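Values below: every heavy atom of this structure, side chains too, minus hydrogens, waters and symmetry copies. Bear in mind that the values here come from a model prediction, so they are computed numbers and not experimental data.
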Amino acid sequence: MKFRGLSAVAHPLLFRLLAMIQQSDSMDVILDKPTGLSRRSKILIGVAVLLLLALIPLWPSLTRWSRADQSVDLARLRIATVTRGDLERDVAADGRIVAANHPRLYSPAEGTVSLAVRPGQTVLKGQVLARIESPELESHLAQERSRLQSLESELGRARISARQQNVGNEQTSELRRVRLEAARRELERAEKLRTEGLLNEVEHERAKVAVRLAEVELDQSRQGSSLQREALDFEVADRSRQVERQRLVVSELERRVRELAVAAPFDGQVATVDVDDRQAVIVNAPLLTVVDLSTYEVEIRIPEAYADEIGSGTRVEIDYAGRKFPGTLTAVSPEVRESQVEGTVAFGDGAGQAPAGLRQNQRVSVRLVLDRRANVLKVPRGPFLESGGGRKVYVLEDGLATMRDIRTGAMSVGEVEILEGLVEGDQILLTDTQQFQGAESVLVRP
């Protein structure tokens with residue numbers, strides 16, 4: 001063996017190394033090749049089998065994962081189960097507690113108000129709450145009273161004058177009656193004298209004419225006296241009506257003056273005072289509000305869409321202080337304001353059995369029961385109704401949520417009736433489905 005390019009010093013070292021290698025041949029042992037699989041191959045095969053056994057339970061999940069268009073964490077979802085039971089179709093509304101009798105008192109006249117009570121003060125029926133000083137109204141009353149007295153004096157004079165006229169007419173009629181009787185006696189004497197031949201025909205006819213004139217005068221006197229009596233009676237009656245009319249005017253002014261002392265209409269409490277003491281007010285200006293603490297009711301505002309379905313007598317459930325109280329809708333306003341209709345709810349069956357501890361203007365939640373349906377499929381109400389329009393929902397099965405067409409029916413505040421597309425026991429996603437962007441299936445990660 002030749003080693004080119006090596007120095008002379010390296011040659012002896014190489015020869016010595018080769019000699020050592022040749023001397024180690026005696027130490028080598030020849031091994032027989034074993035039959036079958038090696039240990040390493042067995043280990044690899046075992047690992048592969050274990051991996052295959054581990055993949056068998058996961059195979060459905062892997063299949064679902066391969067079919068899913070999207071995936072989402074279970075913690076982000078609301079899931080509900082389709083159940084069967086009774087469903088009450090209802091409407092939720094906000095309400096406030098008000099006294100059933102809470103009138104606001106107004107100023108009866110223009111003037112200066114003098115307050116006698118403060119807000120929150122308990123008052124009794126008939127107690128004076130405020131007084132209105134109205135010099136103009138009081139002066140008007142004094143003037144009308146004076147006019148009444150003047151008319152009463154004129155009526156008295158008219159009655160006296162009528163009696164005098166009637167007495168004079170009666171005297172005139174009586175005198176003419178006496179004259180008629182005298183003329184008749186003269187006629188009788190004239191007829192006797194004529195029969196005896198002591199009186200001529202001219203004197204006899206003159207006696208007849210005198211009797212006839214006396215009769216006419218008496219008749220005219222009586223008719224004139226009757227007509228004059230009627231005229232006097234009419235004048236007296238007219239003056240009497242003027243006096244009566246003036247009395248009504250005075251009575252009305254006296255009532256208005258009495259109302260200047262504003263009194264409590266019932267036992268209750270002063271809720272609000274709208275004016276300051278010694279403040280000038282105009283007629284019909286609001287003064288204060290008195291509430292009757294013995295009877296309460298609830299004022300509610302109902303969405304306009306349900307206005308045609310509700311009416312007096314509708315069953316109501318009132319949520320107050322964490323408890324449910326029955327109620328009855330007693331009145332519904334025919335007017336729509338801001339897309340809502342106002343209504344009044346009485347506690348209990350309408351007799352006003354209100355719970356203790358209520359306060360004016362306290363807020364409560366109200367549920368109006370419109371309809372009750374028995375033994376229907378139902379699910380809790382959720383955002384899926386608005387996002388899917390009540391026509392589509394995701395049904396969860398073995399970790400995969402699949403979109404399914406459904407048809408909904410009656411809806412309540414908390415539940416929805418299912419008419420088609422689901423069966424009892426199905427699990428659905430209540431979450432807003434817009435986040436899935438219309439995917440047919442969604443993988444739900446635990």
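Atom-to-atom distance recorded for Arg76:CZ and Asp432:CG is 11.0 Å, nearest 0.5 angstrom. For the atom pair CD1 (Ile428) and CG (Leu430), the distance works out to 5.0 Å, reported to the nearest 0.5 Å. Note that CD of Gln246 and CD of Gln149 are 10.5 Å apart. Values are rounded to the nearest 0.5 Å. Rounding to the nearest 0.5 Å gives a distance of 14.0 Å between CD1 of Ile132 and OH of Tyr106. Taking CE from Met403 and CG from Leu429, the interatomic distance works out to 10.5 Å, rounded to the nearest 0.5 Å. The line from CG of Asp90 to CG of Asp371 is 10.5 Å long, rounded to the nearest 0.5 Å.
Judged by distance alone, the side chain of Ser240 and the main-chain N or O of Val236 form a donor-acceptor pair under 3.5 Å. In terms of modelled atom types and a separation under 3.5 Å, the side chain of Glu244 and the main chain of Arg241 share no donor-acceptor contact. Under the 3.5 Å distance criterion, the side-chain polar atoms of Gln228 are left unmatched by any main-chain donor or acceptor of Ser225. Side chain of Asn101 to main chain of Asp292: no donor-acceptor pair is present (N/O by atom type, distance under 3.5 Å, no hydrogens or angles). The backbone N or O of Gly120 sits less than 3.5 Å from a side-chain atom of Gln269, completing a donor-acceptor pair. Listed for the Thr314 side chain is no donor-acceptor partner under 3.5 Å among the backbone atoms of Ile310. In this structure a side-chain-to-backbone donor-acceptor pair under 3.5 Å is present from Thr172 to Gly168. Formation of a donor-acceptor pair under 3.5 Å by the Asp426 side chain with backbone atoms of Val82 is not found in this model. Side chain of Ser221 to main chain of Glu217: no donor-acceptor pair is present (N/O by atom type, distance under 3.5 Å, no hydrogens or angles).
The two residues Pro303 and Ala92 come nearest to each other via the heavy atoms CD-O, 4.5 Å. For Ala130 against Val113, the heavy-atom pair with the smallest separation is CB-CG2, 4.1 Å. Considering every non-hydrogen atom in both Val128 and Val117, the closest pair reads O-CG1, 4.5 Å. Of all heavy-atom pairs spanning Ala346 and Thr330, the tightest one is CB-CG2, 3.6 Å. The two residues Asn375 and Asp86 have their closest heavy-atom pair at N-OD1, 3.1 Å. The two residues Leu329 and Gly311 make their nearest non-hydrogen contact at CD2-O, 3.3 Å.
One side chain, Gln223 or Asp219, offers a donor N or O that lies under 3.5 Å from an acceptor on the other.
Side-chain contact check for Leu396 versus Ile79: some heavy-atom pair is nearer than 4.5 Å. At a threshold of 4.5 Å between non-hydrogen side-chain atoms, the residues Leu129 and Val123 count as touching. Residues Arg104 and Asp274 are in side-chain contact: their nearest non-hydrogen atoms beyond the backbone lie under 4.5 Å apart. Looking at heavy atoms from C-beta onward, Thr344 lies out of side-chain contact with Val298 at the 4.5 angstrom threshold. Between Leu287 and Val273 the shortest side-chain heavy-atom distance does not fall below 4.5 Å. Between Arg89 and Met411 the shortest side-chain heavy-atom distance does not fall below 4.5 Å. The shortest side-chain heavy-atom distance between Val366 and Val364 falls under the 4.5 Å cut-off. Inter-residue side-chain proximity for Thr112 and Val281 is flagged as unmet; no heavy-atom pair is nearer than 4.5 Å.
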Exercise. Can you list the steps and then say if Val369 with Val316 is a side chain to side chain contact (heavy atoms under 4.5 Å, CB included)?
Worked result: CA-CA 6 Å; Val369 181; Val316 178; over 6 Å; no
Problem set entry | Asn166/Glu170 under side chain to side chain donor-acceptor pair (under 3.5 Å): CA gap, chis, key distance, verdict | CA-CA 6 Å; Asn166 291 333; Glu170 290 177 357; over 6 Å; no
For this session: Show your reasoning for whether side chain to side chain donor-acceptor pair (under 3.5 Å) applies to Ser441 and Thr402.
Result: CA-CA 4 Å; Ser441 58; Thr402 306; 5.7 Å; no
Problem set entry | Steps toward side chain to side chain contact (heavy atoms under 4.5 Å, CB included) verdict (Arg145, Glu254) | CA-CA 10 Å; Arg145 281 176 173 171; Glu254 289 175 345; 3.0 Å; yes
For this session: Would you sort out whether Gln165 and Asn169 count as a side chain to side chain donor-acceptor pair (under 3.5 Å), showing the intermediate values?
Result: CA-CA 6 Å; Gln165 287 289 102; Asn169 293 334; 5.3 Å; no
Exercise. Does the pair Val393 and Leu422 meet the rule for a side chain to side chain contact (heavy atoms under 4.5 Å, CB included), with working shown?
Worked result: CA-CA 9 Å; Val393 71; Leu422 298 176; 4.3 Å; yes
For this session: Check the pair Ser107, Ile282 against side chain to side chain contact (heavy atoms under 4.5 Å, CB included), reporting the backbone distance first and the verdict last.
Result: CA-CA 7 Å; Ser107 173; Ile282 61 174; over 6 Å; no
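Remark: Arg239 CZ is packed, more than 12 non-hydrogen atoms of other residues, nucleotides or ligands lying under 6.0 Å away. Atom CZ of Arg118 has 12 or fewer neighbouring heavy atoms from other residues, nucleotides or ligands inside a 6.0 Å radius. Residue-environment remark: CZ (Arg212) stays at or below the threshold of 12 foreign heavy atoms within 6.0 Å.
Under the 4.0 Å criterion applied to side-chain N and carboxylate O atoms, Arg278 and Asp276 are not assigned as salt-bridge partners. A salt bridge links Arg247 to Glu152: one of the charged nitrogens lies within less than 4.0 Å of a carboxylate oxygen. Using a cutoff of 4.0 Å between basic side-chain nitrogens and carboxylate oxygens, Arg177 and Glu181 are scored as salt-bridged. No salt bridge links Arg185 with Glu188; every basic N to acidic carboxylate O contact stays at or beyond 4.0 Å. Using a 4.0 Å cut-off between a side-chain N of Lys or Arg and a carboxylate O of Asp or Glu, Arg391 and Asp405 do not qualify as a salt bridge. With respect to Lys324 and Asp319, a salt bridge is recorded, a charged nitrogen being found less than 4.0 Å from a carboxylate O. Taking the charged nitrogens against the carboxylate oxygens, Glu133 and Arg131 have no contact shorter than 4.0 Å, which rules out a salt bridge. Look at Arg381 and Glu415 and you find no salt bridge, because none of the NZ, NE, NH1 or NH2 atoms lies under 4.0 Å from a carboxylate O. Taking 4.0 Å as the cut-off between side-chain N and carboxylate O, Arg315 and Glu88 count as a salt-bridged pair. Using a cutoff of 4.0 Å between basic side-chain nitrogens and carboxylate oxygens, Lys378 and Glu417 are not scored as salt-bridged. Contact check on Glu252 versus Arg256 returns no salt bridge, with no Lys/Arg side-chain nitrogen under 4.0 Å from an Asp/Glu carboxylate oxygen.
Just one of Glu144, Arg258, Glu138 meets the side chain to side chain contact (heavy atoms under 4.5 Å, CB included) condition when paired with Leu253; it is Glu144.
Between Phe325 and Phe347, the angle of the ring planes goes over 60°, which puts this pair in the perpendicular group of the 30/60° scheme.
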